[in-house]
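Heads up: the structure comes next, in C-alpha cells.
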Amino acid sequence: MKIRLRENGSLVLDLPEGTKLVLNGEERVLERAKLALCRCGHSENKPFCDGTHKKVGFEAAAGELEWFQG
Ligand code: FES
C-alpha cells in the first residue's frame with residue numbers, strides 16, 4: 001500500500017472507487033478512486049483535503065510512503 005505526498009499538498013491514497021470508509025462511526029462511500037487527506041492543517045473538511053492548502057501557500061516536499069504486510 002502506498003500514500004503519495006503531493007508537492008505542497010495533500011496525502012493521497014489510491015483506493016478502488018466505491019470503497020467504504022467509516023469516519024467516527026459514519027459510513028461514507030468513496031465516489032472517486034482517490035482519497036486525499038489534509039496535511040496542511042487548514043482544511044474546513046478535515047481529515048479530507050478541500051484545496052485550502054493552495055490558498056494558504058502550504059509548502060512541503062513530494063514523496064511516497066509505502067509499506068508491505070507480511
Ligand atoms: S492539504 Fe489540502 S487542504 Fe490541507
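Each ligand, and each atom within it, is numbered from 1 in the order the structure gives. As a basis for the values below, the full set of heavy atoms in this structure was taken, side chains included, without hydrogen atoms, waters or symmetry mates. Bear in mind that the values here come from a model prediction, so they are computed numbers and not experimental data.
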Restricting to N/O/S atoms, is His53 within less than 2.8 Å of atom 2 (Fe) of ligand 1 or not? yes
Of the backbone and side-chain N, O or S atoms of Cys49, does one lie nearer to atom 2 (Fe) of ligand 1 than 2.8 Å? yes
Answer yes or no: are there more than 12 heavy-atom neighbours, outside [X] itself, under 6.0 Å from its atom [atom1]?
X	atom1	answer
Glu27	CD	yes
Glu66	CD	yes
Lys54	NZ	no

Same cluster or not: Leu11 versus Leu30, using hydrophobic residues (I, L, V, M, F, W, Y) connected whenever any side-chain heavy atoms lie under 4.5 Å apart? yes
Counting from 1 in the order shown, the ligand 1 atoms closer than 4.0 Å to a non-hydrogen atom of Asp50 are 3 (S)
Suppose I only count heavy atoms of Cys38 and a 4.0 Å limit; which atoms of ligand 1 are within that range? 1 (S), 3 (S), 4 (Fe)
